[in-house]
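Nothing fancy with the numbering, it's 1 onward along the sequence.
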Amino acid sequence: MNAIWFLFLLSLHFGAFQIGYGRNVSSRPAVVNIGAMFMLNSTIGKVAKIAIDEAIKDVNSNLSILQGTKLAVTMQNSNCSGFVGMVEAMRYMETDVVTIIGPQCSVVAHVISHVANELQVPLLSFAATDPTLTSLQFPFFVRTTQSDLYQMTAVAEIVDYYGWKEVIAIFTDDDGGRNGVSALGDKLAERRCRISYKAGIRPGAAANDSVIMDTLVNVALMQSRIVVLHVNSIIGFKIFSVAKYLGMMGNGYVWIAADWLSSFLDSNSPLPSETMDTMQGVLTLRQHTPDSDRKRAFLARYNKITGGSPGLNSYGLYAYDSVWLLAHALDAFFNQGGVISFSNDTRIRSVAGSTLHLDAMSIFDDGTLLLNNILQSNFIGLTGRLKFSSERSLILPAYDIINVIGTGFRRVGYWSNYSGLSTVAPETLYTKPPNRSSASQHLYSVIWPGETLSKPRGWVFPNNGKQLRIGVPDRFSYREFVSRVSGTDTFKGFCIDVFTAALNLLPYAVPYKFIPFGNGHENPSYTELVNKITTGVFDAVVGDIAIVTNRTKVVDFTQPYVSSGLVIVALFKKQNTGAWAFLRPFSARMWIVTGSFFLVVGIVVWILEHRINDDFRGPPKHQVITILWFSFSTLFFAHRENTMSTLGRLVLIIWLFVVLIINSSYTASLTSILTVQQLSSPIKGIESLIHSDDPIGYQVGSFAEHYLSEELNISRSRLVALGSPEAYASALKLGPGRGGVAAVVDERPYIELFLSRQCSFRIVGQEFTKSGWGFAFPRDSPLAIDMSTAILALAENGDLQRIHDKWLMQSPCSLDSTEIESDQLHLSSFWGLFLICGIACFVALLVYFLQLLRRLHSVPPSESSSVGGSSRSGRIQRFLSLMDEKEDQSKSGQKKRKVEKSLSENDRDDELGMKAKRKETTTSNSFTGHS
Ligand code: GLY
């Protein structure tokens, strides 16, 4: 009975397995079917097949990894064809595989990823490097090698490391090629470099020598000499061969081949010398896999199997690791209760009459679980640690950088996503903080094509043999900067000397010719001149070209060789000060307050003095005159009256100090009013320029016109084009009211020249734009970069200053006779003063003579007859003697006052003496005891 039950259960078990592997449930089955897809006749495919076979053997012989479950692999040759790949994939899906190792080609991967998504069968691709395959569109595509995103980052960093700016990309025009080159473009752009020309080659056998020849001829016509080759090995070697034939594998060229070359060299070395000759100096990349004992042991085993041909390459290592990765994931899958079961896809139905048995394809029910376990993998394989980042890429991508030389190749360094370019293995850097500074980027010397150690410049002038067409403004004014030698197409001037000096510093010859732009009768439009570069009329523009925003949008400028910026210049002249200029130093209020203080101080001193000081005594009229005379004479420190009281002296000394200050301020102010030139324009700076309505001059052809109208929103009707410094001067002198301008706006270098010759003008306000002059080149021109370096060298070695001094040394503005004359003061500024003085004299004399007449008439006739007779002369004589008497009286009055004063002083002394005596007596009495 027990035996029957045992047989029943056994039959159930096997029945369930047989059916369960088809549609039902089984955990840890005895065999797990997997598929493998690659191009069996390719280098990578050959190596991968051996590596996968060895890996399956290793896994199956290792009882600990899958605990007895064996992997059974079915291999298909997909030939890198999308269609064949799809058919093969469908055939796999009929056989209920849980994973496909592969595909090798990105084209196939793109197609079968759709199938894998639908049937939930993970693809473990050890060789499809197209960066877009890891997109969210293909969740079941898992790349077990490095993405070309990193390979192209490495290429971009190499290009940047050597200072090149433009590369040419030759690629197989399929998914892998295109997307790789697109990634290269992105990575170059991050480093301000670019792909200047993309040459796609048709994949497959259609790429014959003549197609390649045409492509390479186009490449040779380009400016860039850096060629990135992202193709397969068949096309790649054809390209090298044709390039060698065309002389493109020689001096000046740089070839960077993607990893197709390194894997071919790894597997097929030594190559015939004629093949090696075609690729001397080429750089190539190889996925970096750290050295380890396991890797060495596997290499030995591999070489034993293959006899060293084909040699092991990094793709073989990744193929080997892919099998192990699947084994680890399956183990985890079974541990998590994952079951290998398949169910029909209800969306796939065989159409009646169709021989396509699409319904034979079934969905791997726990495919997502297995996928998750694959993505969670973390173990050390032959290629190093296999662990996926959140973007489903292997962590720590790195490449060896290899230089093909002689009969073999040499590693010149490494690139890692962690620390960039280095000469030490990336794994030694992972313990240190990442360092991508340019100082830490290193590679060993490369032997470049042409067997040279010197780094190729990376570009040549396109259209070899042709001269660079350089546009130069044919100026009318300010010809010190640039001027055409009359009757020729040669130019001279400051800018031309700077250009030729910079050109002489370049390590290569630049054939060029100057082409004049403009008619020489007026300055040409500089913006039009610069735009001629964008239309291809000129290859460069040399001259006094301001580096301004709208120009930098269309061309590249060198470093500025002179600083520039817009300034405002206006007329300065001596004002017609007028007869009453002497009143202008003080305001009306100042005059009133000052005058009032003279009176107040006079009165205060009189109050303090008149009781004790005879100088302030006398009749009221006399005292009023004294007050006035005293106070106003302090203006000149000419007062004669003594001050006797302490308070009076205190007031006076402070007042004299005030007078001193007022006096000196008045003198200084009046001097400046009468002698210093004043701005005659209402424009005093950028603000008043914008807000005034006056006409403004600008230089014909200059960007200033655009700047004033577009940036400062100044109406164009206010802008007046001026063609020369003479036109500036006459327009400014005329002024805004008479058809001239209130100010001229131009760049500082021109204005400095202008002012060195014209003394009546000055810069008003600050320079309101900051800019400079440079030479213009087409966008991304490498010559612009080299010229910038040369200009900096000129600036540093002093040559730039010497050239400047040669052409633009400015003697200070020399005054001509008119200017000297205008420094003199004229009667016109003073006649008011003379008028006042004259009127004062006249009035005084008038009063005097009126007094005389009045007195003459008041002399009695009798007196006149008794003294001088009755005649008219007698009356006058009598009058004069009366005047003398009066004078004598006044003198004797004064004398009398002096005597009285001295008497009163004596009296006071006597009184004081008496008092002192009395005091003495009292004191002595008190000593003698008398009261
Ligand atoms: N220096 C004149 C201009 O660049 O517009």
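The two atoms that bring Asp173 and Arg178 nearest to each other are OD1-NH1, 2.9 Å, heavy atoms only. When all heavy atoms of Val472 and Phe491 are compared, the pair lying nearest together is CG1-CD2, 3.5 Å. Contact between Tyr698 and Ala721 at its shortest, heavy atoms only, is OH-CB, 3.4 Å. Residues Phe775 and Cys495 share a closest heavy-atom pair of CZ-O, 3.6 Å. Here the closest non-hydrogen pair linking Ser445 and Leu453 is CB-CD2, 3.9 Å. Scanning both residues, Glu747 and Ala546, for their nearest heavy atoms gives OE1-CB, 3.4 Å.
Between Ile256 and Val227 there is no side-chain heavy-atom pair separated by less than 4.5 Å.
Rounding to the nearest 0.5 Å gives a distance of 11.5 Å between CD of Glu522 and OG of Ser724. Between the CD1 atom in Ile201 and the OG1 atom in Thr215 there is a gap of 4.0 Å [rounded to 0.5 Å]. Going from atom OG of Ser196 over to atom CE of Met222 covers 7.0 Å, rounded to the nearest 0.5 Å. Interatomic distance, CG of Leu708 versus CD1 of Ile714, reported as 5.0 Å (0.5 Å rounding).
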Atom pairs and distances, side-chain donor-acceptor, residues 505-514, under 3.5 Å, sequence neighbours left out:
unit_1 : atom_1 : unit_2 : atom_2 : d
Tyr508 : OH     : Asp786 : OD2    : 2.4

Please table the atom pairs, donor to acceptor, closer than 3.5 Å between any side-chain atom in residues 243-252 and protein atoms at least two apart or in another chain.
none

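The six-membered or imidazole ring of Phe481 lies near that of Trp773, with a centre-to-centre distance under 6.0 Å. Between Tyr161 and Trp415, a ring centre-to-centre spacing not shorter than 6.0 Å is recorded. Between His288 and Tyr399, the ring center distance fails the sub-6.0 Å criterion.
Using modelled atom types, one side-chain atom of Asn523 and one backbone atom of Ser477 make a donor-acceptor pair closer than 3.5 Å. Distance alone, capped at 3.5 Å, is enough to place a donor-acceptor pair between the Asn403 side chain and the Ile447 backbone. Judged by distance alone, with hydrogens and angles left aside, the side-chain atoms of Thr423 form no donor-acceptor pair with the main-chain N or O of Gly413 at under 3.5 Å. Between the side chain of Ser262 and the main chain of Leu285, a donor-acceptor pair closer than 3.5 Å is present. In this structure, Ser788 contributes its side chain and Ala784 its backbone to a donor-acceptor pair below 3.5 Å. A donor-acceptor pair under 3.5 Å is formed between the side chain of Arg436 and the backbone N or O of Asn417. A donor-acceptor pair under 3.5 Å is absent between the side-chain atoms of Thr488 and the main chain of Arg484, judged by distance alone. Ser563 places no side-chain N or O within 3.5 Å of a backbone atom of Gly772 that could act as its donor or acceptor partner. For Arg286 (side chain) and Ile401 (main-chain N/O), no donor-acceptor pair under 3.5 Å exists by modelled atom type. In terms of modelled atom types and a separation under 3.5 Å, the side chain of Gln441 and the main chain of Leu421 share a donor-acceptor contact.
The existence of a salt bridge linking Arg411 and Asp400 is confirmed by a sub-4.0 Å separation between a basic side-chain nitrogen and an acidic carboxylate oxygen. The residues Asp805 and Arg802 are annotated as not salt-bridged, no charged nitrogen and carboxylate oxygen being separated by less than 4.0 angstrom.
Side-chain N/O atoms of Asn531 and Glu528 include no donor and acceptor closer than 3.5 Å. Between the side chains of Ser525 and Thr527, no donor-acceptor pair of N or O atoms lies under 3.5 Å.
For Glu451, the CD atom sits in a loose shell: 12 or fewer heavy atoms of surrounding residues, nucleotides or ligands are nearer than 6.0 Å.
The side-chain tip of Arg762 points at the ring of Phe572 from less than 6.0 angstrom away and within 45° of straight on.
Of the listed residues (Leu732, Asp746, Val744, Ile696), just one forms a side chain to side chain contact (heavy atoms under 4.5 Å, CB included) with Leu722, and that residue is Val744.
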Verdict with reasoning, Arg192 to Asp780, per salt bridge (charged side-chain N to carboxylate O under 4.0 Å, His left out): CA-CA 9 Å; Arg192 298 173 56 79; Asp780 298 320; over 6 Å; no

How far apart are the C-alpha atoms of Tyr253 and Trp448, what are their side-chain angles, what is the distance that settles it, and do they pass the side chain to side chain contact (heavy atoms under 4.5 Å, CB included) test? CA-CA 8 Å; Tyr253 277 91; Trp448 302 102; over 6 Å; no

Could you go step by step and tell me if Ser419 and Ser416 meet the side chain to side chain donor-acceptor pair (under 3.5 Å) rule? CA-CA 6 Å; Ser419 272; Ser416 70; 5.1 Å; no

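Between Phe768 and Tyr707, the ring planes are tilted. Angles from 30° to 60° get that label.
A search for side chain to side chain contact (heavy atoms under 4.5 Å, CB included) contacts involving Asn179 returns His110, Asp130, Pro131, Thr132, Asp175, not counting sequence neighbours.
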